[in-house]
Amino acid sequence: MSSMKTIDKNITIQGKRINLRRIRKPDARSIYQYAREWDIAKYTFIPHPYELEDANIFIKDVHSMIRRNSGLVLGIENPKTKQVIGTIGSHNINWRHRRAEIGYWLGKKYWGNGYASEAVMLFLRYLFETLELNRVFALVMDANEKSGEMLARLGFTCEGRQRQVCLQYKERYDYLYYGILRDEFRKL
């Protein structure tokens with residue numbers, strides 16, 4: 001097994017109800033449309049208020065990260081409209097230890113329909129099977145109960161809590177650590 005895989009910069013992963021694909025410059029408008037909601041910002045590190053220029057900078061940063069082979073962020077695409085309705089990705093893939101942290105967000109109007117769950121499962125398959133990672137983890141603010149519940153349903157184990165590690169909009173939150181190993185994913 002080689003120590004580092006090359007991330008496909010033009011990747012598209014087709015799902016049943018959503019697709020994961022490379023984020024392009026024209027996606028800035030839809031990313032701005034959905035990421036500017038307060039309910040998205042309060043449990044992520046997306047700035048609030050979120051401006052169109054923030055979306056443009058984000059897209060440039062994502063392209064740079066992929067060129068450096070250090071991470072991958074994909075748009076969660078509504079296949080009917082071709083619009084990016086959220087993102088999922090890993091900003092720091094650790095090739096030596098074959099692990100990555102994932103993060104995701106989805107436009108509020110799409111919550112509760114299983115789209116985030118499908119995106120996580122598609123992304124995990126790519127990380128484990130194509131990039132041959134061994135461990136994927138997520139840090140969830142303890143107040144974001146829905147995200148933690150979703151990860152548990154998808155086979156992640158809550159591995160611990162780090163108390164008051166996050167200061168977000170003047171509120172202190174604990175981080176809950178969720179992890180899944182490649183062998184656990186294969187059994188799902």
Side-chain angles (χ1 to χ4, degrees), residues 7-8 11-23 27 30-31 33-46 50 58 62 71-93 98-161 166 168 173-188:
I7 297 168
D8 179 358
I11 184 172
T12 297
I13 303 170
Q14 292 188 331
K16 292 181 179 171
R17 297 174 309 135
I18 52 105
N19 296 325
L20 303 182
R21 66 160 172 83
R22 181 179 184 179
I23 298 169
D27 295 320
S30 64
I31 290 171
Q33 176 185 347
Y34 294 112
R36 66 184 181 174
E37 298 251 3
W38 166 247
D39 285 337
I40 305 293
K42 72 181 178 180
Y43 297 131
T44 67
F45 292 106
I46 294 172
Y50 192 78
F58 169 74
V62 165
L72 174 66
V73 176
L74 298 173
I76 301 171
E77 179 190 67
N78 177 334
K80 293 176 184 162
T81 65
K82 303 296 183 200
Q83 193 176 50
V84 170
I85 60 173
T87 68
I88 186 165
S90 176
H91 290 274
N92 293 301
I93 295 175
R98 311 212 61 77
R99 69 176 182 243
E101 176 185 353
I102 64 166
Y104 47 85
W105 65 269
L106 186 67
K108 189 174 178 180
K109 85 179 225 180
Y110 294 96
W111 290 4
N113 294 302
Y115 298 136
S117 295
E118 185 176 348
V120 169
M121 293 303 281
L122 290 169
F123 197 65
L124 286 175
R125 182 168 291 114
Y126 179 77
L127 294 176
F128 287 135
E129 294 177 3
T130 304
L131 298 185
E132 299 179 1
L133 298 183
N134 184 59
R135 172 179 165 71
V136 174
F137 66 99
L139 303 177
V140 178
M141 292 178 208
D142 60 335
N144 191 357
E145 294 172 5
K146 296 282 186 200
S147 190
E149 290 167 3
M150 179 192 75
L151 292 171
R153 279 193 313 275
L154 297 178
F156 282 74
T157 298
C158 185
E159 299 172 332
R161 175 186 294 264
C166 180
Q168 178 79 332
Y173 295 102
D174 295 357
Y175 266 152
L176 300 177
Y177 284 74
Y178 287 86
I180 188 168
L181 303 176
R182 180 178 13 191
D183 288 342
E184 294 167 339
F185 180 76
R186 286 179 179 158
K187 293 176 184 175
L188 296 177

Does the side chain of [Y] come within less than 4.5 Å of [X]'s, by heavy atoms?
X    : Y    : result
Y104 : M150 : yes
E37  : Y50  : no
Y115 : R17  : yes
T87  : L74  : no
R182 : L127 : no
V120 : F156 : yes

Practice task
Please indicate whether Q168 has more than 12 foreign heavy atoms, meaning atoms of other residues, nucleotides or ligands, lying under 6.0 Å from its CD.
Solution key: yes

Considering all heavy atoms of both residues, which atom of [X] and which atom of [Y] are nearest to each other, and what is their separation?
X    : Y    : answer
L151 : A138 : CD1-CB, 3.7 Å
E184 : L181 : OE1-N, 2.8 Å
G89  : F123 : CA-CZ, 3.6 Å
G179 : R135 : CA-NH1, 4.0 Å
V84  : G75  : CG1-CA, 3.9 Å

Short side-chain to backbone donor-acceptor contact, [X] and [Y], under 3.5 Å:
X    : Y    : value
R186 : F128 : no
E132 : R98  : no
E118 : K16  : yes
T12  : R21  : no

To the nearest 0.5 Å, tell me how far [X] [atom1] sits from [Y] [atom2].
X    : Y    : atom1 : atom2 : value
T44  : M141 : OG1   : CE    : 7.0 Å
L131 : D8   : CG    : CG    : 9.5 Å
Y34  : W105 : OH    : CH2   : 9.0 Å
I13  : I76  : CD1   : CD1   : 11.0 Å
D174 : L139 : CG    : CG    : 12.0 Å
K42  : I40  : NZ    : CD1   : 10.0 Å

Exercise for the section: Applying side chain to side chain contact (heavy atoms under 4.5 Å, CB included), run through V73 and H91 and close with a yes or a no. Expected result: CA-CA 7 Å; V73 176; H91 290 274; 3.7 Å; yes

Exercise for the section: Please test Y126 against L72 for side chain to side chain contact (heavy atoms under 4.5 Å, CB included), starting from the C-alpha separation and ending with a verdict. Expected result: CA-CA 11 Å; Y126 179 77; L72 174 66; 3.5 Å; yes

Exercise for the section: Quick one: do I18 and L122 satisfy side chain to side chain contact (heavy atoms under 4.5 Å, CB included)? Show the steps, please. Expected result: CA-CA 10 Å; I18 52 105; L122 290 169; 3.8 Å; yes

Name each donor-acceptor pair under 3.5 Å that joins a side chain in residues 106-113 to protein atoms two or more places apart or in another chain, with its distance.
unit_1 : atom_1 : unit_2 : atom_2 : d
K108   : NZ     : D39    : OD2    : 2.3
W111   : NE1    : L106   : O      : 2.7
N113   : ND2    : Y110   : O      : 3.3
N113   : ND2    : W111   : O      : 3.4

Problem - Residues that C158 engages under side-chain contact (heavy atoms from CB on, under 4.5 Å), provided they are two or more places apart - result: L176, Y178

Practice task
Quick one: do F58 and I46 satisfy side chain to side chain contact (heavy atoms under 4.5 Å, CB included)? Show the steps, please.
Solution key: CA-CA 10 Å; F58 169 74; I46 294 172; over 6 Å; no

